[in-house]
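Inspection log for the structure reproduced underneath, given as C-alpha cells.
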Amino acid sequence: MRIKNNIAGINTSRNQSITHHQLGKSLEKLSSGYRIVRAGDDAAGLAISEQMRAQIAGLDQAMRNVNDGVGMVNTGEGALQELHSMLHRLETLAIESANGTYNDAARESVEQEKESLLEEIDRICENTFFNENPLFDSEEPDPLIEPPQPSDKGDFKFQIGPSGNETMDVPYYHMGVKALGLDKMEFGTPEGANEAINTLAKAVQAVTVVRSEFGAAQNHLDCTNRNLSITSENMTTAESRIRDTNMPDEITKFTSQNIIMQATMSMQSQANAVPQSVLTLLQGL
C-alpha cells in the first residue's frame, strides 16, 4: 500500500478524462446535427463533403439561372405572340382592302389602321426588355436578307450548369417593321393590298420561326431545370450521409458514455478512499 502516489486514483482520473472528452464530442454532434464538426472527426469525409457542398451550391445557382432564362424566354415569346396577332389583323385588312367593292375613303381608313399597327409593332420590338436587356435587335437590318435575320451582336448565352462549359445559346434576332419587310406595304389600291398579303405571309412565317426558337429554348430550359433539381437532391442526400449525425446511433453512444462517466466518478471516490486504510495500520502503532 502506498500513500505517496495514488495509482488507482490516477488511472481512474485518466479514464474519466477520456470519457469526459468522448461525452463532449457526442454532445457537440447531437447539438449541431453534424457528425463531422471539425476536420479531426473525419478528415477524408470532410474533404469529400466540402467538394459536394461546392457542387450543390453550383447546381442551386444554375437552377436560378435557368429560371431566369425561362422568364426571359417567356417575355420574348409573349411579345412575339402579340406580333402574330397584329400581323393576322394586317392580313385581314389587306384582304379587305384588296376587295374591289371598297372606295378610296374606305381604303384610307384601312391604311390608317395599318399605320397604327405598324407603329405598335415597332414599339413592342424596341421596348421589350428583360432586366434592362433588349430581347430584339431593332437596328436597321440588311435589306437583302430574308427575315428572320439573326443579329450580328451575338446570341443570348445562359449558364445552365455548375461547370464552365455548360452553356446554352438562344439566337438574337432583328425584329420590327423593317426587319419583317413591312415598311413598303400600302393598302391604298387593290394591287398594293394583294402584294401586301404575300409580304405579310412571309412576316408571319418569320415570326413563327423566332417563336419556335424561343419555344424550343423554353422546353430545353425546363428539362435542364428538372435534371438540375434531381441532381442537387441526390448530391444533398449523399452529402448528408457523410456529414450529418445519425441521431439514434449518437444518442446510444451518448447514453453509454454518460453511464461510464457516472461509473468513473464513483470509482474515483473509491480510489481516493483506498489510501485512507493506511490510517488503520498507523493507528495500531
Side-chain angles (χ1 to χ4, degrees), residues 65-95 97-98 110-160 166-188 191-222 224:
N65 290 355
V66 167
N67 288 330
D68 289 342
V70 170
M72 183 175 181
V73 168
N74 285 342
T75 301
E77 202 273 334
L80 294 175
Q81 183 178 8
E82 192 56 35
L83 254 63
H84 258 155
S85 298
M86 288 187 285
L87 289 173
H88 292 321
R89 177 57 183 165
L90 286 168
E91 281 184 311
T92 301
L93 293 174
I95 294 169
S97 182
V110 172
E111 185 74 18
Q112 289 177 357
E113 184 176 353
K114 179 206 78 173
E115 290 299 324
S116 178
L117 288 170
L118 293 180
E119 287 178 9
E120 182 62 13
I121 287 174
D122 269 342
R123 189 195 69 79
I124 288 175
C125 294
E126 291 171 3
N127 294 282
T128 301
F129 292 87
F130 186 85
N131 194 29
E132 300 184 358
N133 294 314
L135 301 188
F136 306 109
D137 188 348
S138 57
E139 293 184 5
E140 192 80 18
D142 189 334
L144 301 178
I145 300 178
E146 287 287 324
Q149 184 176 339
S151 171
D152 56 5
K153 296 179 181 178
D155 300 335
F156 298 112
K157 189 177 290 292
F158 300 143
Q159 179 69 32
I160 59 173
E166 295 182 76
T167 59
M168 172 186 169
D169 295 337
V170 176
Y172 182 53
Y173 284 97
H174 283 282
M175 195 59 58
V177 171
K178 289 185 178 180
L180 294 172
L182 306 177
D183 52 319
K184 299 204 170 36
M185 288 193 310
E186 59 93 13
F187 290 1
E191 294 77 13
N194 267 308
E195 290 180 8
I197 292 171
N198 295 328
T199 300
L200 286 164
K202 292 179 181 178
V204 168
Q205 180 59 31
V207 174
T208 300
V209 170
V210 180
R211 280 189 74 180
S212 297
E213 291 276 6
F214 278 61
Q218 182 177 353
N219 290 335
H220 187 164
L221 290 169
D222 285 340
T224 301

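Position 1 is the first residue of the sequence, and the numbers go up from there.
The two residues Val170 and Asp155 have their closest heavy-atom pair at O-CB, 3.3 Å. Heavy-atom minimum distance, Leu200 versus Ala94: CD1-CB, 4.1 Å. Of all the heavy atoms in Gln81 and Arg211, the pair that sits closest is CA-NH1, 3.6 Å. The minimum heavy-atom distance between Glu111 and Glu186, with the atom names listed, is OE1-C, 3.9 Å. Taking both residues in full, the closest heavy atoms of Val110 and Ser97 are given as CG1-CB, 4.1 Å, listed atom of the first, atom of the second, then distance. Summarising the geometry of Thr208 relative to Val204, their closest heavy-atom pair is OG1-O, 2.7 Å, with the distance given to 0.1 Å.
Leu117 places a side-chain heavy atom less than 4.5 Å from the side chain of Glu113. Contact check for Tyr173 versus Leu80: no side-chain heavy atoms found under the 4.5 Å cut-off. Between Ile145 and His174, every side-chain heavy-atom pair lies at or beyond the 4.5 Å cut-off.
Side chain of Asn131 to main chain of Asn133: no donor-acceptor pair is present (N/O by atom type, distance under 3.5 Å, no hydrogens or angles). Using a distance-only test at 3.5 Å, with no hydrogens or angles considered, a donor-acceptor pair links the side chain of Tyr172 to the main chain of Phe136. Judged purely by atom type and a 3.5 angstrom limit, Ser116 has no side-chain atom pairing as donor or acceptor with the backbone of Gln112.
With sequence neighbours excluded, no residue satisfies side-chain hydrogen bond (donor to acceptor under 3.5 Å, both in side chains) with Glu132. For Gln149, the side-chain hydrogen bond (donor to acceptor under 3.5 Å, both in side chains) test picks out no residue, with sequence neighbours left out.
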Checking Leu135 against Phe156 for the side-chain contact (heavy atoms from CB on, under 4.5 Å) test, could you report, in this order, the C-alpha distance in whole Å, the side-chain angles of both residues, the deciding distance, and whether it holds? CA-CA 9 Å; Leu135 301 188; Phe156 298 112; 4.2 Å; yes
Output, in order, the C-alpha distance, side-chain angles, deciding distance and verdict of side-chain contact (heavy atoms from CB on, under 4.5 Å) for Val210 and Leu83. CA-CA 11 Å; Val210 180; Leu83 254 63; over 6 Å; no
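Both tests hold for Lys114 against Phe187: distance to the six-membered ring centre under 6.0 Å, angle to the ring axis within 45°.
Rounding to the nearest 0.5 angstrom, the gap separating the CE atom in Met175 from the OG1 atom in Thr128 is 10.5 Å. Rounded to the nearest 0.5 angstrom, Thr75 OG1 and Phe214 CZ are separated by 9.5 Å. Here Lys202 contributes atom NZ and Glu146 contributes atom CD; the two are 5.0 Å apart, rounded to the nearest 0.5 Å. With values rounded to the nearest 0.5 angstrom, Leu87 atom CG is found 11.5 Å from Thr199 atom OG1. Of the inter-residue distances, the one linking Glu120 atom CD with Cys125 atom SG reads 9.5 Å to the nearest 0.5 angstrom. The CD atom of Glu166 sits 9.0 Å away from the OG1 atom of Thr224 when rounded to the nearest 0.5 Å.
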